[in-house]
Amino acid sequence: MIQRITFQTRHKAFIFLLQLFTITAYAQKRQMAEAENYLRSGKNFDKAEQLMTTLLEDSANQQNPRIYDLWLQAVEKQYGALNERMYKHQAIDTTQLFNLTRRMFTIAERLDSIDMLPDKKGRVPLDYRKDNSQRLLDYRPNLFFGGASHLRRADFQTAYDFFETYIDCGRQPLFSQYDLLRSDPRMGEAGYWATYCGYRMDDPVLILRHQDLARRDTSKLEYTLQYVSEAWNRLGDEQRYTEILWEGFAFFLNELYLFAKSTMLLNLGRYAECLKYSDRLIAVNDQMADAYYNAGTACLNIVLNMDPRRHKKQIRKMYQKAQPYMENYRRLAPEAKDKWGPSLYRIYFNLNLGKQFDEIDRLLKGG
């Protein structure tokens, strides 16, 4: 008797579940058909979207690619209607246009992740990827412009979200055939603005997230390195903080840094390195007199460490190298005769430049 009741109970439960499934499937089919009607009607696209988002509240529907496809169509239709009004010079909310763009990408990427799931035979058909990726590429610039729009409003969090979505396309399988991280020249600029937004939000993690991309935008690299160094400082990583600071100095050939480095190396007797940094400083500022003095002095000191019996040719070449440095120093600092005078005297004497030697000799003797 107990077994009979249990069987009957199970049978009724099965019948109930079957009926429930049938009702649910019918309701789902009805809502999808209703959404399709809205899409064909040319209006009420937002209602079509609402129908699909309601369906997706049920976990049983969340692996159904057709629901996501209709949802994407509904949002794309809303974008198209708004875009048409804009081209007719009617007033529109551009923020809404940008938000619709970002929503399309979110939906398409979710759809693609389901589209990638293998079927019962292990096949991955990718029924939606090719068409969706081609269409969405036309909309993608609006992710960048949406970020820029929110940036102008100082809404840094929303701006960051837009730039991140733009960047993330380069990592999404949906767009893998386009290799956007390599082929898109705007990636570096998007990386910079995302980094900037992180800086304005005082969030070191967000500053560092896209720093590698941001470095591609060399026109703003100085600022990128500043933000990155401050992020490491906030995180308490003194080593990386210092490394980025030195990287900034080295990359931008900071005049003060280069001059200090050149002078320090000269005083330490590391003349070849001093000459290298002096040349870099001259490349940045060819009117800095002391850069020529350091370079010329380094050349003359290198000579002092050479054996005159074994390195005659090398010594002569080094005096020849020192000559333009000291002559430029004289030109830029004519009042510093006590510094360039003895050096040029020595150069002209060893190069056997009689006319120049006589002239500097008279100057030094007060003639």
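Just so it is clear, the values below take in all heavy atoms, side chains as well, and ignore hydrogens, waters and symmetry mates.
Using modelled atom types, no side-chain atom of Asn233 and backbone atom of Ser229 make a donor-acceptor pair closer than 3.5 Å. In this structure, the side chain of Asn328 engages the main chain of Pro324 through a donor-acceptor pair within 3.5 Å. A distance-only check finds no donor-acceptor pair linking the side chain of Asn44 to the backbone of Lys47 [under 3.5 Å]. Of the possible donor and acceptor atoms, none in the side chain of Ser343 sits under 3.5 Å from a partner among the backbone N and O of Thr297. Of the possible polar contacts, one joining the Asp119 side chain to the Arg123 backbone as a donor-acceptor pair under 3.5 Å is found.
With rounding to the nearest 0.5 angstrom, the CD atom of Glu230 is 7.5 Å from the CD1 atom of Ile207. Atom CD1 of Ile315 and atom CG of Leu300 lie 12.0 Å apart (nearest 0.5 Å). Between the CG atom in Asn142 and the CG atom in Asn99 there is a gap of 11.0 Å [rounded to 0.5 Å]. Of the inter-residue distances, the one linking Leu174 atom CG with Asp168 atom CG reads 10.5 Å to the nearest 0.5 angstrom. Rounding to the nearest 0.5 Å places CD of Glu84 at 8.5 Å from CD of Gln90. The distance from atom OG1 of Thr53 to atom CH2 of Trp71, rounded to the nearest 0.5 Å, is 6.5 Å.
Under the 4.5 Å side-chain heavy-atom criterion for ILVMFWY residues, no single connected hydrophobic cluster contains both Val124 and Leu111. Neither Leu126 nor Tyr68 shares a network with the other; the hydrophobic side chains, linked directly or stepwise wherever heavy atoms of I, L, V, M, F, W or Y lie under 4.5 Å apart, form separate groups for each. Clustering ILVMFWY residues whenever any of their side-chain heavy atoms sit less than 4.5 angstrom apart, transitively, puts Phe175 in a cluster other than the one holding Met116. The hydrophobic cluster containing Leu117 also contains Ile107, counting ILVMFWY residues as joined when their side-chain heavy atoms lie under 4.5 angstrom apart, directly or transitively. Both Phe98 and Tyr87 belong to a common hydrophobic cluster when Ile, Leu, Val, Met, Phe, Trp and Tyr are linked at side-chain heavy-atom distances under 4.5 angstrom.
In terms of heavy-atom proximity, Leu39 sits nearest to Phe45 at O-CE2, 3.7 Å. Residues Arg216 and Met187 come closest through the heavy atom pair NH1-CB, 3.9 Å. Here the closest non-hydrogen pair linking Ser133 and Gln177 is OG-NE2, 3.3 Å. Between Ala194 and Ile167, the shortest heavy-atom distance links the atoms CB-CD1, 4.3 Å. Between Ala272 and Ile302 the shortest heavy-atom distance is N-CD1, 4.2 Å. Heavy atoms only, all atoms of each residue included: Asp290 and Lys339 are closest at OD1-NZ, 4.2 Å.
Heavy-atom neighbours of Gln287 CD from other residues, nucleotides or ligands within 6.0 Å: above the threshold of 12. Counting heavy-atom neighbours within 6.0 Å of Lys321 NZ, excluding the residue itself, gives a total of 12 or less. Heavy-atom neighbours of Arg310 CZ from other residues, nucleotides or ligands within 6.0 Å: at or below the threshold of 12. A 6.0 Å sphere centred on CZ of Arg110 holds no more than 12 heavy atoms belonging to other residues, nucleotides or ligands. Other residues, nucleotides and ligands contribute more than 12 heavy atoms inside 6.0 Å of the NZ atom of Lys220.
Looking at heavy atoms from C-beta onward, Leu72 lies in side-chain contact with Met104 at the 4.5 angstrom threshold. Ile347 places none of its side-chain heavy atoms less than 4.5 Å from the side chain of Leu353. Between Gln320 and Arg316 there is a side-chain heavy-atom pair separated by less than 4.5 Å. Residues Leu56 and Ile67 meet the side-chain proximity criterion, which asks for heavy atoms closer than 4.5 Å. You'll find the side chain of Leu208 reaches within 4.5 Å of the side chain of Trp232, heavy atoms only. Between Phe105 and Arg140, some side-chain heavy-atom pair lies under the 4.5 Å cut-off. Looking at Met32 and Met52, their side chains come closer than 4.5 Å, going by heavy atoms from C-beta outward. With contacts defined as side-chain heavy-atom distances shorter than 4.5 Å, the pair Asp202/Arg234 qualifies.
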Please assess Glu36 against Arg66 for the test salt bridge (charged side-chain N to carboxylate O under 4.0 Å, His left out), listing each intermediate value before the final yes or no.
CA-CA 11 Å; Glu36 288 175 333; Arg66 182 58 181 156; 2.7 Å; yes

Any chance you could lay out the side-chain contact (heavy atoms from CB on, under 4.5 Å) test for Gln78 and Arg103, step after step, and finish with the verdict?
CA-CA 11 Å; Gln78 291 176 66; Arg103 196 146 77 241; 4.2 Å; yes

Apply side-chain contact (heavy atoms from CB on, under 4.5 Å) to Gln134 and Tyr178, showing your working.
CA-CA 10 Å; Gln134 288 177 343; Tyr178 300 105; 3.3 Å; yes

Step by step, work out the side-chain contact (heavy atoms from CB on, under 4.5 Å) result for Arg85 and Leu97.
CA-CA 11 Å; Arg85 288 176 54 193; Leu97 193 73; over 6 Å; no

Show your reasoning for whether side-chain contact (heavy atoms from CB on, under 4.5 Å) applies to Leu258 and Glu255.
CA-CA 5 Å; Leu258 289 174; Glu255 292 181 26; 5.9 Å; no

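Screening residues 143-162 for ring pair (Phe, Tyr, Trp, His ring centres under 6.0 Å), with sequence neighbours left out, gives Phe144-Phe163, Phe144-Tyr166, His150-Phe162.
Ring geometry for Tyr257 versus Tyr277: interplanar angle over 60°, hence perpendicular rather than tilted (30 to 60°).
With Leu143 as reference, Thr165 is the one residue of Asp161, Thr165, Leu136 to meet the side-chain contact (heavy atoms from CB on, under 4.5 Å) rule. Exactly one residue among Arg209, Arg171, Arg102 makes a salt bridge (Lys or Arg N to Asp or Glu O under 4.0 Å) with Glu164. That residue is Arg209.
A donor-acceptor pair shorter than 3.5 Å can be found between the side chains of Arg135 and Asn132. No hydrogens or angles considered: a donor-acceptor pair under 3.5 Å links the side chains of Tyr319 and Arg346. For the residue pair Gln31/Thr54, the side-chain donor-acceptor check at 3.5 Å is not satisfied. A donor and an acceptor atom, one from each side chain of Asp46 and Gln50, are nowhere located under 3.5 Å apart. The closest side-chain donor-acceptor pair between Ser149 and Arg153 falls under 3.5 angstrom. No side-chain donor from either of Gln226 and Glu222 sits under 3.5 Å from a side-chain acceptor of the other. No side-chain donor from either of Tyr128 and Asp115 sits under 3.5 Å from a side-chain acceptor of the other. Side chains of Glu76 and Tyr139: a donor on one and an acceptor on the other come within 3.5 Å. With 3.5 Å as the limit, one finds a donor-acceptor pair spanning the side chains of Ser278 and Ser262. A donor atom on one side chain and an acceptor atom on the other are not found under 3.5 Å apart for Asn294 and Tyr329.
Under 4.0 Å is where a charged nitrogen must lie from a carboxylate oxygen, and between Arg186 and Asp184 no such pair does.
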